[in-house]
Amino acid sequence: MSTEVRVRIAPSPTGDPHVGTAYIALFNYVFAKKQGGKFILRIEDTDRARSTLESEEAILRALKWVGLGWDEGPDIGGAYGPYRQSERSAIYQEHAQLLVESGAAYPCFCAEARLEALRAAQRAEKKPPGYDGLCRRLDRGEARSKVAAKEKHVLRLAMPKEGETKVQDGLRGELVFQNATIDDQVLLKSDGFPTYHLANVVDDHLMKISHVVRAEEWISSTPKHVQLYQAFGWQAPEFFHMPLLRNADKSKISKRKNPVSLDYYQDSGFLPEALVNFLGLMGFSFGGDREKFTLAEMIETFDWQKVSLGGPVFDLEKLSWLNGLYLRELSTAQVIERLRNWRLSDEMLARMVPLVHERMRRLDEFIPQVDFFLRGDLAYGSALTDAIPKERDAAATAKVLVDLADELDNVRSWNPQTLEPVVRAFSEKIGWKTKELFMPVRIAITGVSASPPLFDTMNVIGKELVRRRLRQSAQLLR
RNA sequence: GGCCCCAUAGUCUAGCGGUUAGGACGUCGGCCUCUCACGCCGAAAUCCCGGGUUCAAGUCCCGGUGGGGUCACCA
């Protein structure tokens, strides 16, 4: 068996490129490079309702932006493709079939409603929720004929009900789980697509992944994965569960409490090398008192022993400081280059100029009018409180802004035409006249009461910055 | 609630049986300076609690407590 180190980052393309993805990608990448191994990108798009190609593209773009390139992936191929799970359905079906034949998995015909009722009952009795094994007890012949009759079903893992499952974690040692406490996980959904559990095990094995470096939130499902490896007769990879990035209140980092999209960091003018350095500071210590180090230097000194397990709070303030260190190190020419690649590109100018063109009398009025396009966070002074509609109060306005931020999060394709109906529908939903709603929103997003049309403005500023400003404004109003 | 993980200042961390518990962000004060920023100097602030083990415990063990994760036909 080959001893080559092969690791992967396996994002699910269901939203914006997440800072946590970059964080985990970083540790995979660094470990692979340190070992002279391969770093693989695999797209886990088995949730066909939520996965989009647009999101996949954004994730690839963002990972490239932070400088974590892959050796094999959906865009460049490789010896173990395809690297998009939606293109591997047949592989999962075959493997699932193997499990059914060996008795390690069984078809389950229970309807959603029954499962919900079951869970509700378990909750009421304060028992741990989980499948009750009804279909597991079905006669195998009967089950087979139901399947043959095309009855709608899923495939479940026939989890052993006795004994224990041991997980070897490279960071935490041996983790022991009582099998009786582990649920009969669904492996194959009724739409024929695999769940994460099946797909991830099958792919990791087929793609010869040697080390699984992933977030701590996966620990509790790892025994299921270990059971699957055993059922297939495969050797499990080594697991390394990294701590979770946290909000200031220590909960798992989330977009409600933190800018979480890599797009936000790019749009706000963070340098990718600073962001990567900062992510490296989360849970990893370089050695000595060094805090500033390059990716290459991190690779050189990387060692799992230097990884700590407490969940690190993601502190934008410290990231900004680090970013300043990098920024000041650049030459003037380099800064100009960075600015051009940021918001002073011809492309950005081409988007901004039409919006302020007719509002300008002289060229010198350009800069003040595009001010909010070029900023990260805004300074509002009293503008926000002044924008509270008559008949409404600060608290209500704050809530509206936050709710709108959430609403906008669901907007997939961000442009003036898609934004307008969303915001208008929102206005109706909350029972505010558009007249009442638009001014506080305008102020929150631009900081001023006179600006180009709202939706065009939002379009250029970008989703993440818009959402961030709405949230920040709400914060200030409270 | 069950299961699991974690625990050094507000935050990120060093420490791997004997240290005045080190560094960084942030905060406060000062210096530099036309202002600001940068830079420099300084200050306040930490070993969650209780038992063990040991001559000696932030460090090892156990138990609490606290925080977190997870309990989906989402990953």
Side-chain angles (χ1 to χ4, degrees), chain A residues 10-15 18 20-21 42-51 85 108-112 115-116 118-119 122-131 152-156 164-165 167 169 171-173 175-183 185-200 214-224 241-253 277-292 305-325 327-329:
Chain A
S12 179
T14 53
H18 198 279
T21 304
R42 183 173 72 221
I43 294 296
E44 310 230 327
D45 56 350
T46 54
D47 182 343
R48 69 190 190 350
R50 294 198 304 145
S51 297
Q85 292 187 327
C108 172
F109 305 90
C110 292
E112 197 103 23
L115 297 177
E116 261 163 46
L118 180 64
R119 275 192 289 268
Q122 286 161 333
R123 223 175 309 122
E125 283 178 71
K126 294 205 180 223
K127 282 187 176 161
Y131 185 61
K152 193 174 173 190
H153 66 283
V154 302
L155 246 37
R156 284 182 185 275
E164 54 194 28
T165 301
V167 172
D169 185 297
L171 289 167
R172 299 153 206 266
L175 275 25
V176 182
F177 298 82
Q178 295 305 311
N179 291 341
T181 66
I182 303 173
D183 202 11
Q185 223 357 280
V186 170
L187 300 176
L188 206 63
K189 308 178 217 175
S190 57
D191 64 4
F193 279 77
T195 58
Y196 170 85
H197 307 282
L198 208 221
N200 135 82
R214 57 170 31 158
E216 187 180 0
E217 57 190 330
W218 292 109
I219 288 181
S220 57
S221 44
T222 306
K224 295 169 188 171
H241 289 101
M242 292 292 296
L244 255 15
L245 258 24
R246 310 290 184 97
N247 297 313
D249 65 3
K250 301 275 192 185
S251 57
K252 171 165 99 168
I253 198 167
N277 186 160
F278 184 69
L279 290 175
L281 246 26
M282 305 276 91
F284 170 77
S285 54
F286 188 85
D289 289 331
R290 277 286 291 283
E291 290 202 295
K292 184 167 177 292
Q305 302 250 14
K306 295 180 177 175
V307 172
S308 54
L309 299 177
V313 172
F314 192 92
D315 180 8
L316 268 178
E317 204 51 54
K318 185 160 183 175
L319 169 58
S320 294
W321 161 80
L322 224 207
N323 202 65
L325 249 39
L327 193 57
R328 286 188 296 272
E329 214 171 58

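Residue numbers start from 1 in every chain, and the chains themselves are labelled A, B, ... in the order their sequence lines are given, proteins ahead of strands.
Arg48(A) is linked by a side chain to side chain donor-acceptor pair (under 3.5 Å) to Asp191(A), counting only residues two or more places apart in sequence or in another chain. Listed by chain and number, the residues in a side chain to side chain donor-acceptor pair (under 3.5 Å) with Lys127(A) are Glu125(A) (sequence neighbours excluded). Residues that satisfy the ring-ring contact (aromatic ring centres under 6.0 Å, His included) test with Tyr196(A), not counting sequence neighbours, are Trp218(A), His225(A). Under the rule for a side chain to side chain donor-acceptor pair (under 3.5 Å), the partners of Thr165(A) that lie at least two apart in sequence or sit in another chain are Asn179(A), Gln227(A). Remark: Asp183(A) pairs with no residue by the side chain to side chain donor-acceptor pair (under 3.5 Å) rule, at least two apart or across chains. Residues passing the salt bridge (charged side-chain N to carboxylate O under 4.0 Å, His left out) test with Arg290(A) are Glu297(A), sequence neighbours excluded.
Using the Watson-Crick or G-U wobble rule with both distances under 3.5 Å, U35(B) pairs with nothing in any strand shown. If you check G2(B) for Watson-Crick or wobble pairing at under 3.5 angstrom, you find it paired to U70(B).
As rounded to the nearest Å, A45(B) and G10(B) have C1' atoms that lie 9 Å from one another. Between A21(B) and G17(B), the two C1' atoms lie 14 Å apart (nearest whole Å).
Among the nucleotides U11(B), C5(B), C71(B), the one closest to any side-chain atom of Arg172(A) is C5(B). With distances taken from any side-chain atom of Glu291(A) to the nucleotides A24(B), A72(B), A75(B), the minimum falls on A24(B). Here C3(B) is the nucleotide among C3(B), A75(B), A72(B) with the atom lying nearest to any side-chain atom of Thr181(A). In this structure, of C12(B), C74(B), C5(B), it is C12(B) that holds the atom nearest to the side chain of Pro312(A). Listed nucleotides: C6(B), U11(B), A72(B). Nearest to the side chain of Leu309(A): C6(B).
One can place CZ of Arg50(A) at 15 Å from P of A72(B), the figure rounded to the nearest angstrom. The CZ-P distance, from Phe286(A) to C25(B), rounds to 18 Å in whole Å. The CG atom of Leu319(A) sits 18 Å away from the P atom of U11(B) (whole-angstrom rounding). With rounding to whole Å, Leu171(A) atom CG is found 20 Å from C16(B) atom P.
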Extract from the structure each pairing of a protein N or O with an N or O of nucleotides 26-36 of chain B at less than 3.5 Å, listing the distance.
none

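Using a 4.0 Å cut-off on heavy atoms, the residues of residues 215-222 of chain A that approach RNA chain B are Glu216(A), Glu217(A), Trp218(A), Ile219(A), Ser220(A), listed by number.
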For residues 311-319 of chain A, tabulate all N or O donor-acceptor pairs below 3.5 Å that involve a side-chain atom, not counting sequence neighbours.
unit_1, atom_1, unit_2, atom_2, d
Asp315(A), OD1, Glu317(A), N, 3.1
Lys318(A), NZ, Glu291(A), OE2, 3.0

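For Lys127(A) and Leu325(A), each mapped to the nucleotide of RNA chain B holding its nearest heavy atom, the one lying further toward the 5' end belongs to Lys127(A).
Residue contacts shown for Pro194(A) are limited to sugar-phosphate atoms, with no base heavy atom under 4.0 Å away.
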